[in-house]
Protein chains: 2
Amino acid sequence: MPPVKTRPVDKFDRRRDELAESALLTLGEMGYARASLREIAGNSPFSHGVVHYYFQDKLELVIYSVRYYKARCVTRYDAVVRDSTTPDELIDAFAAKLAETIRDEAPMHRLWYDLRTQSMFEDGLRDAITEIDAALEAMIWRVITRYAELAGLSPSVTSPAAYGMLDGLFQQALLAWTTTGEPVLDALTTQVRTVLPLLAR
Amino acid sequence: MPPVKTRPVDKFDRRRDELAESALLTLGEMGYARASLREIAGNSPFSHGVVHYYFQDKLELVIYSVRYYKARCVTRYDAVVRDSTTPDELIDAFAAKLAETIRDEAPMHRLWYDLRTQSMFEDGLRDAITEIDAALEAMIWRVITRYAELAGLSPSVTSPAAYGMLDGLFQQALLAWTTTGEPVLDALTTQVRTVLPLLAR
DNA sequence: AAGTTTTCTTGACAACTGTCAAGAACGGGC
DNA sequence: GCCCGTTCTTGACAGTTGTCAAGAAAACTT
């Protein structure tokens, strides 16, 4: 029974985070299906058996890991929303951040899409994925409403629709990035500059 | 050496199609990673060993199968494009077809998204996926340009952008469909009615 | 009807998977 | 020093995987 209350409670949690960080490396490189626990542990300071000391099974590790990552993610554009003072400034900053995160964190993003897709096949993933997806939608909606506000307009689409469309563009860019590389990021930037104004009237 | 030229050339191809059809059943139900060749063969009139008589390996079977399915797919909206005489008629027919295919072929669609995502991890899938994706984009573009034409307008976004956005909405609806069921299709229909007019001006 | 080629099944292979139990190593309190 | 709970490693388990070879069955040719 690992999670006893003796000693610092977070010592245990800190190891979980450490495991999660290693797991994300491997998961982002190989994807959910091909990333075995031995491979994950191999890219960590620990041996493969330790996983079951800190997590009940592989699924719990994966869910914990993606939650651990996405927790930092959902505030990615908050500074942009806060600091922009004109519609165009917001668009440019938003588009730049989108491109930046594809460049810097592509493995994490493709892992996210992998897990989200797997959740259509595997029930155990569904709840966590649904929850994170809702947080991402809210994150995008903050950008949209702020844009509309700065432009003196109001959104022309619902929150889910705005998220769906922008997520589609982002995913498309991510896909192209893994094959084509850098140039697609300019295309993404251009697309966002064209599309965002359509989402408020 | 199976593919010899003796006898009807298509006898061989016909079996491949039959295998593909069975494979699609299992792949659509379990996803790419969890659908084993034994399971695939189990849902077919054949035994597991026959796969390697008609295909070099699992990847070739999967690629052949998804190509086999998508070949029928990329013309799905052509009748809509051809027969619609007003912008609103086109939108309604298009939205209805989108909802219909989610209802009727959800397993095939989630398989498609599964494979497209896996192509970011597995090089062997990349080429086939890229090719199919381009065909899907072209299919959507025919809808968009026809809509603009009927409305006496011209598209306000590029072909990739239009595909990315609509694909995002579709994927979102598919995801919600597997958890929520029927009601999400109305939402999709509404979204398309809102969004399509934004794509021409 | 016999022979030949195509088609399919069976059974095996090596590798890999998640899981778990037994015990070693480590840590701090006496 | 010793003890005891926590932490980690090692090695094994049962099951699954893609692949392939040997040969049975079927189809076709002559």
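By convention in this document, chain letters (A, B, ...) are assigned in the order of the sequence lines, proteins followed by strands, and residues within each chain are numbered from 1.
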From CZ of Arg14(B) across to P of dT6(C) the rounded distance in Å is 17 Å
Taken to the nearest whole Å, CZ/Phe46(A) to C1'/dT10(D) is 16 Å
Between CZ of Arg15(A) and C1' of dT9(D) the distance, given in whole Å, is 14 Å
Do the side chains of Asp167(B) and Arg116(B) get close enough for a salt bridge, i.e. N-O under 4.0 angstrom? yes
Residues passing the side chain to side chain contact (heavy atoms under 4.5 Å, CB included) test with Pro197(A), sequence neighbours excluded, are Ile91(A), Tyr147(A)
Practice task
Answer yes or no: does a side-chain N or O of Tyr53(B) lie under 4.0 Å from OP1 or OP2 of dT7(C)?
Solution key: yes
Rounded to whole Å, CG of Leu19(B) lies from P of dT7(C) at a distance of 13 Å
Between N or O atoms, less than 3.5 Å apart, protein on one side and nucleotides 16-20 of chain C on the other: list the pairs.
unit_1	atom_1	unit_2	atom_2	d
dT17(C)	OP1	Ser36(A)	OG	3.3
dG18(C)	OP1	Lys58(A)	NZ	3.0
dG18(C)	OP2	Leu37(A)	N	3.0
dG18(C)	N7	Arg38(A)	NH1	2.9
dG18(C)	O6	Arg38(A)	NH2	3.0
dT19(C)	OP2	His52(A)	NE2	3.1
dT19(C)	OP2	Lys58(A)	N	3.0
dT19(C)	O5'	His52(A)	NE2	3.4
dT19(C)	O4	Arg38(A)	NH2	3.3

To the nearest angstrom, the CG-P distance between Asp10(B) and dT7(C) comes to 12 Å
Review point. Do Asp123(A) and Arg126(A) meet the salt-bridge criterion of a basic N to acidic O distance under 4.0 Å?
Key: yes
With sequence neighbours left out, the residues meeting side chain to side chain contact (heavy atoms under 4.5 Å, CB included) with Arg142(A) are Asp78(A), Ala138(A), Met139(A)
From CG of Asp13(B) across to P of dT7(C) the rounded distance in Å is 11 Å
Here the distance between atom P of dA26(D) and atom NZ of Lys11(B), to the nearest Å, is 14 Å
* Asked: Any salt bridge between Glu39(B) and Arg34(B), counting N to O under 4.0 Å?
  -> no
| said: Students often mix this up, so state it plainly: with edges at 30° and 60°, are the rings of Tyr54(B) and Phe12(B) parallel, tilted or perpendicular? | reply: tilted
Phe55(A) atom CZ is separated from dC8(D) atom C1', nearest whole Å, by 15 Å
